[in-house]
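This report refers to the structure that appears directly beneath it.
Hydrogens, waters and symmetry mates play no part in the numbers below; they use all other heavy atoms, side chains included.
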Amino acid sequence: MTITTMAGEITEGSVPSYYREVYEAIRCRAEERVQVEVFHRLLDRTELHKAVLSQIAEHVDFSDGFLSKLSLYKALALIALAQQGKQPSPKLLENCIQELPKPQLGEPKDLCALRMQPAQEDPLTVSQTLDKLLARDMVKVELIPEKKGLFLKHVEYQITSQYFKISVYRRYSDFDVFHEFLIQRFAYRMVPALPPKRMLKGVLTSVSERDFIEGRRRALCRFLNLVARHPFFYEDELVKTFLTFNGSDVQPKLRDAYKKMGDEFMTNRIATQAKEYLPADIQAQFSASRELIRNIHNSFHKLRDRAERMAERSKENATDLLMFGRELSTLGSDDSSIPSLSSAPCSWGTLRRSLKGLSVEFALLSDKAAQQGRREEDDVVEKLNLFLDLLQSYRDLCERHEKGVLHEHQRALQKYSVMKRQMMSASVQPKEQVSVEQLESRIVQQENAIQTMELRNYFSLFCLHQETQLIFTYLPITSHILGAFVNSQVQGHREMGEVWNDLQPKLGCLFGANNGMKPPY
């Protein structure tokens, strides 16, 4: 393999295939260069003396933390000369007229590991754990009672962020504006939906206004926690403003914050390079992940529905136990006279007086059942709803990607095609010069617009890939939910079992020797 050198410098020309294979193995994916850190790892594999390695490094040019392709080729030649026992010097390269020496570095495919960066340095990888996400912030949303406007009643919420250690007050309209700007700023991310402002008219529902307001409060709380824990949201100025600005004019502040930053594509430092980081089979990965997450969403939806029914049954059980005790009390309070009977002495008078006292135990059982229902609702149903909100936001994001970025790109291409046909027609049929120049200008503008849309499309796929990782990071919440479910059942059955056990001996005065035994009939 012939090689051209000049004053100790290697030109592109022809180099040994091994050199090119090493370069392809260790070069940065987003650059046509090699990171200095990776190059130093390569030097460590040579087993040369440190002093020799320092000499090689001195003769290699680099800038901005990278080596060019030719600089790497020069370094490989110097490494090979040093391994032959020669003093590594650019002057020796002048004598390599026939062929550059081959360094002993092993198989190129084994060198790929040298360029593997830590996970946190890979822009495409979201290095998070569920515990870190949940611990990032805990936002509480509490209803401020009896808040009224001048003419119409309105609801106000007290929002407390554990991360920012501050409480602020917000109305639903503030949430609405915040959500609107959040979607505009992070169009390629999972932004959870807001609950409806009011109950839909004309829809049959058994939900009272009080229950609706409470359900909306819970949904707003879930929304804020998902946003505050999102790795790309929580430090954003828009989120910080909503959670910390302590004033009545928060909406103008949110508008100013958005105008100052714009959408994420304009502020993300690698937005225009997103294509370089995407795997070759990104579309196949996206389709497979989307289908899997759709199935997960459907299953969790059914789990939530069952958990809601169990919590509702616990509440109904509490009502039934309370009413059962009240009926016993009513029965025992009946002071109607008992007719004299000629048969065995009637003990109803004594029995009914004892029944009256049992209502206390049944009221306690009712209270335990109600607590069980609240635990199931707060610890199980609410966690399921949180994850369902996240899963739904992922599905919404997929639709925005397909109906938004892709659709706009296709429309732009169609418009460009029409312009090109018009231009071809203008070149065949003489037209005014001004008209042709305007058409050329519009075509250039459309080409620029298409290029921008293509970059946005790749960035959208880049973000989708990260958001998919986030979904899988949240999946272990399943164990949290199951743990909460089992714990609530264990606690509920234990507490009610203790009350039943306390109640059983009290029946001895009612039934005597037959207590706890089957009746003789």
Among residues at least two apart in sequence or on other chains, which ones pass side chain to side chain contact (heavy atoms under 4.5 Å, CB included) with Leu303? Phe300, Leu384

Answer yes or no: is there an ion pair linking Asp176 with Lys197, defined by an N-O contact shorter than 4.0 Å? no

Distance from Ile296 atom CD1 to Leu388 atom CG, nearest 0.5 Å? 11.5 Å

For Arg27 and Arg33, indicate whether the former's side chain and the latter's backbone hold a donor-acceptor pair under 3.5 Å. no

For atom CZ of Arg294, is the number of surrounding heavy atoms from other residues, nucleotides or ligands below 6.0 Å larger than 12? yes

How about Thr272 and Tyr458: does a side-chain donor come under 3.5 Å of a side-chain acceptor? no

Look at Glu382 together with Arg222 and state whether they make a salt bridge at an N to O cut-off of under 4.0 Å. yes

Regarding Lys69 and Glu24, does a basic nitrogen lie under 4.0 Å from an acidic carboxylate oxygen? no

Heavy-atom closest pair (Pro108 atom, Val22 atom, distance to 0.1 Å) is CB-N, 4.3 Å

Inspect the contact between Glu264 and Arg189 and indicate whether a charged nitrogen and a carboxylate oxygen are less than 4.0 angstrom apart. yes

Does the Lys74 side chain pair with the main chain of His59, one donor and one acceptor, at a distance under 3.5 Å? yes

Any salt bridge linking Glu237 with Lys240? Criterion: basic side-chain nitrogen under 4.0 Å from a carboxylate oxygen. no

Hey, are Glu376 and Gln489 close enough side-chain-wise for a donor-acceptor pair under 3.5 Å? yes

Pairwise side-chain contact, Ile166 with Leu243, heavy-atom cut-off 4.5 Å (strictly under): no

Tell me whether Glu377 is salt-bridged to Arg218, with the criterion being a basic N under 4.0 Å from an acidic carboxylate O. yes

Shortest non-hydrogen contact from His480 to Leu130? NE2-CD2, 3.7 Å

Taking the side chain as everything from C-beta on, heavy atoms only, tell me whether Leu81 gets closer than 4.5 Å to Pro101. yes

Please find the pair of heavy atoms, one from Val227 and one from Phe178, that lie closest to each other, and give the distance. CG1-CZ, 4.3 Å

Do Tyr169 and Tyr157 have ring centroids that are under 6.0 Å from one another? no

Parallel, tilted or perpendicular: which describes the rings of His301 and His297, with under 30° parallel and over 60° perpendicular? tilted

Under 3.5 Å, is there a donor-acceptor pair between the side chain of Tyr23 and the main chain of Glu32? yes

Look at the side chain of Ser161 and the backbone N and O of Val139, then say whether any donor-acceptor pair between them is shorter than 3.5 Å. no

For Ala228, does its backbone N or O pair with a side-chain atom of Arg136 as donor and acceptor, under 3.5 Å? no

Tyr474: which residues meet the ring pair (Phe, Tyr, Trp, His ring centres under 6.0 Å) condition with it, sequence neighbours left out? none

Check the surroundings of atom CD in Glu47: do more than 12 heavy atoms from other residues, nucleotides or ligands lie under 6.0 Å from it? no

May I ask you to test the Phe39-Val60 pair for a side-chain heavy-atom distance under 4.5 Å? yes

Looking only at atom types and distance, does a side-chain atom of Thr46 sit under 3.5 Å from a main-chain N or O of Leu42, one as donor and one as acceptor? no

Can you check whether Asp174 reaches Phe242 side chain to side chain, under 4.5 Å on heavy atoms? yes

When every non-hydrogen atom of Pro231 is compared with those of Gln128, the smallest separation belongs to CB-NE2, 3.8 Å

Qualifying residues under side chain to side chain contact (heavy atoms under 4.5 Å, CB included), relative to Asp44, sequence neighbours excluded: none

Okay, side chain of His179, backbone of Pro192: is any donor-acceptor separation there less than 3.5 Å? yes

For atom CZ of Arg309, is the number of surrounding heavy atoms from other residues, nucleotides or ligands below 6.0 Å larger than 12? no

Looking at Ser287 and Ala284, would you say the former's side chain and the latter's main chain have a donor-acceptor pair under 3.5 Å? no

Would you please indicate yes or no on a ring centroid separation below 6.0 angstrom for Phe186 and Phe232? no

Any donor-acceptor pair under 3.5 Å from Gln87 side chain to Ala82 backbone: no

What is the minimum heavy-atom distance between Pro279 and His465, and which atoms define it? CG-CE1, 4.3 Å

Using only atom types and a distance under 3.5 Å, with no angle test, would you say the side chain of Ser460 pairs donor to acceptor with the backbone of Arg456? no

